[in-house]
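Chain letters run A, B, ... following the sequence lines, proteins first, then strands; residues in each count from 1. Excluded from the calculations below are hydrogen atoms, water molecules and symmetry mates; all remaining heavy atoms, backbone and side chain alike, are included.
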Amino acid sequence: MESPKAYNPKDVEDKIYKLWLESGFFSPSSAKATAGKPEKKFVTCIAPPNITGELHMGHALELTLQDIIVRMKRMQGYRTLWLPGTDHAGIAAQNVVEKQLAKEGLNRHDLGREKFLERMWQWKEKYGNAILEQLKKLGLSLDWSRTKFTMDPEYQEAVKTAFLHYHKKGWIYQGERVINWCVRCATAISDLEVNYIAEKSKLYYIKYGPFTLATTRPETKLGDTALAVHPEDGRYKNYIGKELEIESVDNLIPNDQPPQKNKIKILVVADESVDPKFGTGIIKVTPAHDITDFEIGQRHNLKSIKIINEQGRMNENAGIRYQGLKTSQVREKIVEDLQALGLIEKVEEYEHNVGRCDRCNSVIEPLPSKQWFLKMKDLAEMALKAVREGRVKIHPERWAGPYETWLKNIRDWNISRQLWWGHKIPIDGEEDVLDTWFSSALWPFATLGWPASAKASAGKPDDFQEYYPTDFITSDRGILFLWQVRMIFSGLEFTGEAPFKDVYIHATVLTKDGKRMSKSLGTGINPLELIEKYGTDALRFGLTSQATGLQDLRFGEDLLVMGKKFANKLWNVARYTLIKLGENYEQQEKTPDNEISRKMREIAKLTTESIESYDFAEAANRLYHFVWHEIADKFIEETKNKDDQETKDTLAYLLLTSLKLLHPFMPFVTEEIYGQLPWLKEKQLLLVEKWPIDKL
RNA sequence: GCGCCCUUAGCUCAGGGGUAGAGCGUUCGAUUCACAUUCGAAAGGCCGUAGGUUCGAGACCUACAGGGCGCACCA
């Protein structure tokens, strides 16, 4: 057979992927795939990409690692299932479509809920499908016959069932509590969706009767209902429990008139949460606009006065002097007034953390709002136990620490969002939708037919019974708490079993200078452009060879140059072998017993071990070195003036074994070469060839 | 504030007690041979700093510095 001197991925990739699809081997239930292997199963759980846009490098790495495991397991004779899908991505997707509308000069209220949701579904059709197509470009061996979306009708049933289950148990409650409110997105968001970013601002020392106290948010003064000190703080002991009359600014004087003083009464309480070392050791308590203050308020039965509304402006409780102003404006105004009245002692420069919305970067406004909450106490306990008892293993192990810490500090989960795109809260008259992670948390079993299948008693086993729980999941550290933790406790609560046995936290792909890759920062790199330039195998191999799980990966194209050269080297090792062996070579049953073949077997063993312990980079680099420097540089050179049978047998053995071992990493070039070998006796697809090492 | 990770060649990273490694890049040279996406060679490192353990430390311990991350605070 004539093959080009250089490997050209473009001639190969689409053709090969089509071949795999037609074979049916991606599905564990195809007749061919199940033949003779009813027992061994391996199921891996995908992190469904958001429908918001396109694939990024993080996806490329994560999905490649997952595909490596799946392909090895399939070759080891396991019935493998890897189910693809997409996530509706509530707030993120809604924001994207709203931005699109804004370009047309519209907002979602102009369209109304129904029309807006139509737009969302149109978006989902177009971009959801586009993403799935991109996954195929990465060569992933996903079972496309089982593709799911987090808002499929059956999935909606699962979400409803889960919500009602919690509700019936009394774990879901509606409460007026201080939550993180994003003024721009006009919705509540969870603690995890707030990013705290250090910013320079000012610390104002305000006179409160006999005290002076420090605050960064003087405007919340209008909602103060107490002062608080630490119970052990000697300086203020005599004041605890007393109500003081203090001078303040009169908020009923219209703002076109000079400020005037008035007198207000305020209680002093003692609370452990006060740090005596901060400022003057005494703080103002604004239960309506600070989460900590809200909790102090609850402990001491304090009144809560809401002075900031959902638009981020002062409401009627702030008094006519300030009503209607934005919080940033009122801050200046009130400081001005207090200064005029001599109620400000000093102002210091101060750097502190400001909460910003994870999705739009607006400043978060904590405010009291009626929201739905899920009690986390028991669920957190379950999730903790599952990891402590080893039913779920986290790799690398050091992530188990943060997992513990996070669960121990957890607050109840605010699961309602004031959005239109998402799962409606399944209680009559409720207009809100659920946090997108509430549905994501059910992914491992909702995609397999839970809860319908869990109830089905008779008949043949269905997907849920057959493939749950799964074996493996991998993700970036960024969603360990947002998602993995929530899948674990949801799985335990609804199915009695953890949804997966192993969680592997892979490296985060950064830019060359160590910055986070982000589309909005313009630092993102589109993997598809790199595939165009270097080929999928080069991308996969390059990324994998540097993904160690310990250190983040600073991405540079030099990795792909290496991958591309290596694919070509393998291609030419094959060309040499084909020419050397000729048309009439016959495959031998026995593997040759010589030094290089023994080394090859050792490499096979080590590769298997490395992949099974998630040392992907180690496996990739070892294979690279062996194929290039042992097989090509040394052994092949030595065979150039030999023509004996053992040499041929050895070449054939080395090539086939290398193809098998490299197939999980570089599926396209290996499959293409395999297809060109004329001497194989029972040729099928490399995809389902027997892995060189059976059991360790 | 508490904790975790990282610091090794120009760049990106391996190496986890016993003569400093890879890929990319650079320089020089080769080439009708499976591959110029190749081959050969070279240059390039007091392995973040300072102490300690050891016959021996890039590796183990302790501090410190710089970079990153998580949790808490963020009044």
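Taking Gln298(A) as the reference, Phe294(A) meet the side chain to side chain contact (heavy atoms under 4.5 Å, CB included) condition, with sequence neighbours excluded. Residues passing the ring-ring contact (aromatic ring centres under 6.0 Å, His included) test with Phe668(A), sequence neighbours excluded: Trp20(A). With sequence neighbours excluded, the residues forming a side chain to side chain contact (heavy atoms under 4.5 Å, CB included) with Lys346(A) are Tyr205(A), Glu348(A), listed by chain and number. Annotation: side chain to side chain contact (heavy atoms under 4.5 Å, CB included) contacts of His352(A) (sequence neighbours excluded): Ser201(A), Thr216(A), Tyr350(A), Val354(A).
Comparing rA34(B), rG23(B), rC11(B) by their closest approach to the side chain of Tyr624(A) singles out rG23(B). Comparing rC24(B), rA75(B), rU7(B) by their closest approach to the side chain of Asp275(A) singles out rA75(B). Closest to the side chain of Tyr196(A), out of rC73(B), rA75(B), rU12(B), is rC73(B). In this structure, of rC13(B), rA34(B), rG70(B), it is rG70(B) that holds the atom nearest to the side chain of Pro402(A).
Between Lys5(A) and rC35(B) there is a side-chain N or O to OP1 or OP2 distance below 4.0 Å. Put simply, Thr215(A) has no side-chain N or O that comes within less than 4.0 Å of OP1 or OP2 on rA75(B). One finds no side-chain N or O of His352(A) lying less than 4.0 angstrom from the OP1 or OP2 phosphate oxygen of rC73(B).
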Table of protein N/O atoms under 3.5 Å from nucleotides 37-40 of chain B N/O atoms:
| unit_1 | atom_1 | unit_2 | atom_2 | d |
| --- | --- | --- | --- | --- |
| rU37(B) | O2' | Asn568(A) | ND2 | 2.9 |
| rU37(B) | O2 | Lys564(A) | O | 3.3 |
| rU38(B) | O3' | Lys569(A) | NZ | 3.4 |
| rC39(B) | OP1 | Lys569(A) | NZ | 3.4 |
| rC39(B) | OP1 | Trp628(A) | NE1 | 2.6 |

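When the P atom is compared between rG21(B) and rC47(B), the two are found 14 Å apart, to the nearest whole Å. Between rC46(B) and rG29(B), the distance separating the two P atoms is 29 Å to the nearest Å.
With ring centers used as reference points, Tyr236(A) lies under 6.0 Å from Phe211(A).
Gln546(A) contributes no side-chain N or O that forms a donor-acceptor pair with the base of rA22(B) under 3.5 Å.
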Please set out all donor-acceptor pairs under 3.5 angstrom arising from side-chain atoms of residues 223-232 of chain A, sequence neighbours excluded.
| unit_1 | atom_1 | unit_2 | atom_2 | d |
| --- | --- | --- | --- | --- |
| Asp224(A) | OD1 | Lys284(A) | NZ | 3.0 |
| Asp224(A) | OD1 | Thr286(A) | OG1 | 2.8 |
| Asp224(A) | OD2 | Tyr208(A) | OH | 2.4 |
| Thr225(A) | OG1 | Lys303(A) | O | 2.8 |
| His230(A) | ND1 | Glu232(A) | N | 3.1 |

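Residue order along RNA chain B, read from the 5' end via each residue's closest nucleotide, puts Arg398(A) first among Asp552(A) and Arg398(A).
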